[in-house]
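These numbers come from a predicted model, not from an experiment. We count residues from 1, following the sequence as given.
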Amino acid sequence: ENSTTASESQIKAAENFNLANCTSIPLPSNGKSLCGWQLVDGNTLRFNGMIEFGKSFKQFNQLYKRGKTTTIVVNSFGGASYDSIEIAKIIDRDNIRLVIDGYCISACANYFLVAAKNIDLHGVIAFHGAAADRYWINKSDLDRINPLHQIGFLIAKKNESEFFEGREKFREFIVQKVIKKNEKFMLYAVRKDEIEKVLMRNINGGIDVLGLCVLQKASGI
């Protein structure tokens, strides 16, 4: 029975890992996508995959019902900061319960988690460098003098600065743990007690150790 349970846990961890990195392209197995926002019931939305610029916030708005939606379940490796911040504003405004079922990494942790006042954890939390700080990663010298990229950087910096107003302690946490200690802006996986201290509130549940092992093996964190 224990071996069966372990096997099922391993399968779920692998499925969560794959779904956390998917996009809204239909899955080839059945032609239906499990990625993006899904309506679970009248009060719950679920999100799997990468947060996509210009798409994820729009899809969220199509399903979200203010006054009815009370819970958001996420399994995501992060993605576009703009869409993430806009969704995070609603999580904060409407006091939405955030359930982490799998992974909440990068933009998911940097914004969704920070905005949520009621959090259930059944997975892994890992932070990434803030959007403005990592904007130029993998950009060529030509990109760096491109006015469009320069404007994009300024917009990202402005949006993020506004989001972190009143949340300076958390912003400093990202700077100290991720940016200053890792020039490549790799992920930083946190302990439950560590993030509770920074957020100054309790989190229900706990870290999924098996899911963390899968992430560490894949990313080298």
Side-chain angles (χ1 to χ4, degrees), residues 16 20 37 40-41 43-48 51 56-57 60 64-133 159-182 185-212 215-216 221:
N16 282 338
W37 288 102
V40 178
D41 56 44
N43 305 114
T44 306
L45 298 180
R46 181 180 179 96
F47 182 81
N48 290 317
I51 302 162
S56 295
F57 181 50
F60 172 82
Y64 183 81
K65 303 297 181 185
R66 189 173 185 180
K68 292 186 177 181
T69 304
T70 60
T71 301
I72 291 174
V73 184
V74 296
N75 176 36
S76 173
F77 282 169
S81 62
Y82 173 80
D83 289 58
S84 302
I85 288 174
E86 293 304 306
I87 294 168
K89 290 177 183 177
I90 294 175
I91 292 174
D92 181 21
R93 182 195 70 191
D94 296 346
N95 194 22
I96 300 300
R97 173 172 166 252
L98 181 70
V99 179
I100 298 170
D101 181 26
Y103 296 93
C104 186
I105 293 176
S106 192
C108 176
N110 288 22
Y111 309 118
F112 292 3
L113 182 72
V114 176
K117 303 176 185 69
N118 187 352
I119 303 167
D120 285 3
L121 173 61
H122 309 287
V124 178
I125 300 169
F127 294 95
H128 203 191
D133 295 300
N159 288 342
E160 194 163 69
S161 295
E162 291 175 352
F163 177 79
F164 281 112
E165 286 181 7
R167 301 180 173 112
E168 288 78 11
K169 183 177 181 180
F170 187 82
R171 167 64 180 159
E172 182 60 24
F173 174 81
I174 294 177
V175 170
Q176 294 295 332
K177 292 293 186 179
V178 184
I179 298 172
K180 287 188 176 179
K181 289 189 176 182
N182 197 318
F185 306 98
M186 295 291 284
L187 299 175
Y188 178 76
V190 297
R191 305 186 312 271
K192 179 186 174 183
D193 64 316
E194 185 178 28
I195 193 59
E196 285 179 326
K197 183 177 180 180
V198 178
L199 294 176
M200 294 185 291
R201 50 185 174 270
N202 293 330
I203 295 176
N204 301 316
I207 299 292
D208 176 9
V209 177
L210 183 56
L212 180 59
L215 179 66
Q216 288 175 330
I221 64 173

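- By the side chain to side chain donor-acceptor pair (under 3.5 Å) test, Lys65 pairs with no residue at all, sequence neighbours left out.
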- Please lay out, stage by stage, how Glu160 and Tyr82 fare under the test side-chain hydrogen bond (donor to acceptor under 3.5 Å, both in side chains). CA-CA 9 Å; Glu160 194 163 69; Tyr82 173 80; over 6 Å; no
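- A side-chain donor-acceptor contact under 3.5 Å links Lys192 to the backbone of Gly205.
- One distance of note links OG of Ser81 with CD1 of Ile51; it measures 9.5 Å at 0.5 Å rounding.
- Under a 4.0 Å N-O distance rule, the pair Asp94/Lys68 does not qualify as a salt bridge.
- Closest approach of Val124 to Asp208, counting heavy atoms only: CG2-O, 3.7 Å.
- Side-chain atoms of Asn75 come within 3.5 Å of backbone atoms of Asn16 as a donor-acceptor pair (strictly under, hydrogens ignored).
- Under the side chain to side chain contact (heavy atoms under 4.5 Å, CB included) test applied with Ile119, the options Leu199, Ile195, Asn202, Asn204 reduce to a single match, Leu199.
- Taking 4.5 Å as the limit, some side-chain heavy atom of Arg97 sits within range of a side-chain heavy atom of Asp120.
- A distance of 9.0 Å separates CD1 of Ile85 from CG of Asn110, quoted to the nearest 0.5 Å.
- Between atom CG of residue Leu45 and atom OG1 of residue Thr71 there is a gap of 9.0 Å, rounded to the nearest 0.5 Å.
- The aromatic rings of Tyr111 and Phe163 lie perpendicular to each other, with more than 60° between the two planes, well past the 30° mark.
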- Could you check Tyr64 against Phe57 for ring pair (Phe, Tyr, Trp, His ring centres under 6.0 Å), going step by step and ending with a plain yes or no? CA-CA 10 Å; Tyr64 183 81; Phe57 181 50; 9.8 Å; no
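- For the atom pair NZ (Lys117) and CD1 (Ile91), the distance works out to 10.0 Å, reported to the nearest 0.5 Å.
- Among all heavy-atom pairs drawn from Ala189 and Leu212, the shortest one is CB-CD1, 3.8 Å.
- Closest of all the heavy-atom pairs between Ile125 and Ala109 is CG2-CB, 4.0 Å.
- For Arg171 (side chain) and Ser161 (main-chain N/O), no donor-acceptor pair under 3.5 Å exists by modelled atom type.
- Between atom OG of residue Ser84 and atom NZ of residue Lys89 there is a gap of 12.0 Å, rounded to the nearest 0.5 Å.
- Atom CG of Leu113 sits about 7.5 Å away from atom SG of Cys108, to the nearest 0.5 Å.
- When all heavy atoms of Gly78 and Ser106 are compared, the pair lying nearest together is CA-CB, 4.2 Å.
- Residues Val114 and Arg167 have side chains in contact (heavy-atom distance under 4.5 Å, counting atoms from C-beta outward).
- Glu168 contributes a side-chain N or O that, together with a main-chain N or O of Gly166, makes up a donor-acceptor pair within less than 3.5 Å.
- The side chain to side chain donor-acceptor pair (under 3.5 Å) search around Thr44 returns Asp41, not counting sequence neighbours.
- Outside the 6.0 Å centre-distance limit, the rings of Phe47 and Phe60 are not counted as a close aromatic pair.
- In terms of heavy-atom proximity, Ile203 sits nearest to Glu196 at N-OE2, 2.8 Å.
- A side chain to side chain contact (heavy atoms under 4.5 Å, CB included) with Arg46 holds for exactly one of Ile72, Asp101, Val99; it is Asp101.
- Between Glu172 and Lys169 there is no salt bridge, since no side-chain nitrogen of the basic residue lies less than 4.0 Å from a carboxylate oxygen of the acidic one.
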